[in-house]
Amino acid sequence: MKTDERMIAFGRRIRDVRRSKGISQEVLAEMADIDRSYMGNIERGEKNVTLKKAYDICDALDIDIKDLV
């Protein structure tokens, strides 16, 4: 499967926001109720995240979903 550049950009944005808030990947995964390795896949653009999980990540980061796209 070819990786979609939009998925990569989405994952990078999550990582940038997470880092700007001083949150580790492991802590964000726990806050969003996502497996840490799956969170890594999302941040690298390797997994096509569901809308529910995107909202869970946004809730954990205390941001609006529009800030990730």
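When a residue number appears, it is its place in the shown sequence, counting from 1.
With rounding to the nearest 0.5 Å, the separation of CZ in F10 from CD in E43 is 10.5 Å. Distance check: I23 CD1 to D62 CG gives 9.0 Å after rounding to the nearest 0.5 Å. We find the CD1-CG distance between I57 and D33 to be 11.5 Å, quoted to the nearest 0.5 Å. Here E26 contributes atom CD and D35 contributes atom CG; the two are 10.0 Å apart, rounded to the nearest 0.5 Å. Residue Y55 holds its OH atom at 7.5 Å from CG of D64, rounded to the nearest 0.5 Å. Here the CD-CG distance, from E46 to N41, works out to 5.0 Å after rounding to the nearest 0.5 Å.
In terms of heavy-atom proximity, R18 sits nearest to Q25 at NH1-N, 3.3 Å. V49 approaches A54 most closely through the heavy-atom pair CG2-N, 3.9 Å. Closest approach of C58 to L68, counting heavy atoms only: SG-CD1, 3.4 Å. Nearest heavy atoms, I34 versus M39: CD1-CE, 3.8 Å.
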ask   = Which is it for D4 and R6 under the salt bridge (charged side-chain N to carboxylate O under 4.0 Å, His left out) test, yes or no, and what are the steps along the way?
value = CA-CA 5 Å; D4 189 315; R6 295 169 292 187; 2.7 Å; yes

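For NZ of K53, the number of neighbouring non-hydrogen atoms (other residues, nucleotides, ligands) closer than 6.0 Å is greater than 12.
R44 contributes a side-chain N or O that, together with a main-chain N or O of G40, makes up a donor-acceptor pair within less than 3.5 Å.
At a threshold of 4.5 Å between side-chain heavy atoms, the hydrophobic network of Ile, Leu, Val, Met, Phe, Trp and Tyr places M7 and V17 in two separate groups. Side-chain heavy atoms closer than 4.5 Å link hydrophobic residues (I, L, V, M, F, W, Y) into clusters, and following such links, even through other members, never connects L28 to L51.
A salt bridge links D56 with K52: at least one charged nitrogen is closer than 4.0 Å to a carboxylate oxygen.
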